[in-house]
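A quick write-up on the structure given underneath.
All figures in this text were calculated on a predicted structure; none of them were measured in a lab. We count ligands from 1, going down the list as the structure has it; atoms in each ligand are counted the same way.
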Amino acid sequence: MGRSASNLQINSARLWDSIHDTAKFGGTAKGGVRRLTLTQEDRQVRDWFREASEAAGLIVQVDALGSMFALRKGRDTSKPPVGIGSHLDTQPTGGKFDGVLGTLAALEVVRTLNDAGIETEAPLCVVNWTNEEGSRFVPAMMGSAAYVGNFTIEDILSHKDAEGVSVGAALDAIGYRGEVPVGRQKLSAFVELHIEQGPILEAEGKTIGVVDSGQGELWYDGRIIGFESHAGSTPMPLRRDALVALSEIVLAVEEIAKRHAPNAVGTVGEAMIATPSRNVIPGEIAFTVDLRSSDDAIMQALDGDLRNALTEIATRRNVETSLELVWRMPPTHFDPTIVKALENAANTLGYSWRRITSGAGHDSCNLNTKIPTAMVFVPCRDGVSHNELEDASQADCTAGANVLLHTALALAKIAS
Ligand code: HGY
Ligand code: MN
Ligand code: MN
């Protein structure tokens with residue numbers, strides 16, 4: 001058995017190199033990463049992850065929705081593995097760290113245990129979840145949502161992107177529709193390292209965020225039907241302008257979120273005029289709404305306020321509106337034993353830390369509905385994420401990976 005684990009630390013340079021190696025798959029001129037799920041860029045990083053995992057002695061399996069499970073044997077193979085990992089897909093204006101840090105830090109945990117000659121009692125499983133971002137295909141956290149049974153595989157495979165490509169066709173196009181039935185790979189627990197994607201840890205000078213809860217999410221697809229007509233000859237009072245109506249809806253979403261501050265946020269992230277033309281009054285628009293709160297009652301109120309606002313605006317502007325709730329994720333309360341294990345690891349390693357609620361959704365939020373789960377955050381520069389400027393320090397990434405290492409060891413136990 002290798003050296004004692006209490007002073008074990010990951011190989012910081014190796015983790016940092018891996019993060020920058022993978023950033024080239026979909027790398028952008030501004031230094032960000034555009035690696036939408038199930039695209040060729042995603043295939044490249046998946047291939048990289050498979051090769052690196054196999055080089056670390058892991059057995060890689062892929063499920064029917066492309067989620068990747070890289071298994072490290074433990075002394076007691078009858079025990080379900082402890083899961084560690086995150087996602088490798090990014091937003092269109094994504095960065096190097098969102099999801100990538102957690103997946104590659106999990107791989108680094110394995111590499112470090114290999115170097116130290118440490119065998120764990122329970123196996124470990126490094127996971128890359130398919131389509132965490134939800135940007136190309138709805139819902140977000142898709143692979144983990146199906147894994148915990150929130151959606152059927154058939155339903156997910158039929159979801160289409162803006163070009164009409166289905167999840168099934170996209171999986172086949174990159175060769176990642178795996179053999180393993182979704183949910184077959186059991187996990188005894190799951191721990192995920194992620195950048196905070198917000199300003200709190202950096203502002204308070206804390207190295208580690210122990211994530212004990214997460215916001216709930218409401219995603220809507222909306223449509224506005226007005227009436228196309230001539231931009232020059234249609235008198236203002238006669239117009240049924242879908243874009244002006246949407247402009248009021250966008251301001252209403254902002255006002256509704258502020259009404260429930262500080263425990264609510266609201267965003268209109270997509271707006272598409274059906275047939276845009278500079279001299280035609282927009283007659284049909286599709287848009288999206290993303291509402292979040294860590295309080296169930298506030299989520300209820302946000303939904304009601306949004307529906308009331310649409311009805312009032314539609315009546316006053318003589319347009320038709322429709323709103324479909326396409327995805328709802330309740331607020332998350334992570335597992336207290338895993339949260340405690342994270343706190344113990346941060347204390348053992350001497351890092352400053354605080355409890356924190358996640359503003360962003362994560363695969364861990366789905367997993368937590370079925371297995372003991374929690375997350376660990378590290379700061380990102382200026383709290384910026386979902387932006388090509390996303391950045392984090394090597395020291396903080398290393399600290400987060402060390403907390404992940406020691407928490408994984410506490411859960412999987414070192415073989416005696
Ligand atoms: O939307 C989210 O919170 C996550 O980043 N996909
Ligand atoms: Mn993420
Ligand atoms: Mn993200």
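- Looking at His362 against ligand 1, nothing comes within 4.0 Å, counting heavy atoms.
- Here the side chain of Ser188 pairs a donor or acceptor atom with the backbone of Pro81 at under 3.5 angstrom.
- Among heteroatoms of the N, O or S kind in His386, NE2 lies nearest the Mn ion (ligand 3).
- Under the 3.5 Å distance criterion, the side-chain polar atoms of Ser144 are left unmatched by any main-chain donor or acceptor of Tyr147.
- Distances from the Mn ion (ligand 3) show that Glu133 has an N/O/S atom below 2.8 Å.
- Side-chain contact annotation: Asn366 with Trp129, donor-acceptor N/O pair under 3.5 Å absent.
- Shortest contact from atom 1 (O) of ligand 1 to any protein heavy atom: Arg292 NH2, 2.8 Å.
- Neither the backbone nor the side chain of Gln215 comes within 4.0 Å of ligand 1, counting heavy atoms alone.
- Between the side chain of His362 and the backbone N or O of Ser364, no donor-acceptor pair lies under 3.5 Å.
- Taking the charged nitrogens against the carboxylate oxygens, Glu202 and Arg381 have no contact shorter than 4.0 Å, which rules out a salt bridge.
- Annotation: Glu133 places an N or O atom under 3.5 Å from an N or O atom of ligand 1; distance criterion only.
- For Ser294 and Asn263, the side-chain atoms include at least one donor-acceptor pair closer than 3.5 Å.
- Between His386 and ligand 1, at least one pair of N/O atoms sits closer than 3.5 Å.
- Judged by distance alone, the side chains of Asp21 and Ser18 never bring a donor and an acceptor atom under 3.5 Å apart.
- Taking a cut-off of under 4.0 Å to the non-hydrogen atoms of Glu217, the atoms of ligand 1 that pass are 3 (O).
- Inclusion of Asp290 in the set of residues having an N or O under 3.5 Å from an N or O of ligand 1 is not warranted.
- Counting heavy atoms from C-beta on, the side chains of Ser12 and Gln394 come closer than 4.5 Å.
- Polar contact with ligand 1: present for Gly361 (N/O pair, distance under 3.5 Å).
- Near Ala360, meaning under 4.0 Å from one of its heavy atoms, ligand 1 places the atoms 3 (O).
- Polar contact with ligand 1: absent for Gln91 (N/O pair, distance under 3.5 Å).
- Shortest distance from the Mn ion (ligand 3) to Asp98 is reached at OD2 (N/O/S atoms only).
- For the Mn ion (ligand 2), the N/O/S atoms of His87 include one lying under 2.8 Å.
- Geometrically, Arg223 does not engage Phe287 in a cation-pi contact, judged by NZ or CZ lying under 6.0 Å from the ring centre and within 45° of the ring axis.
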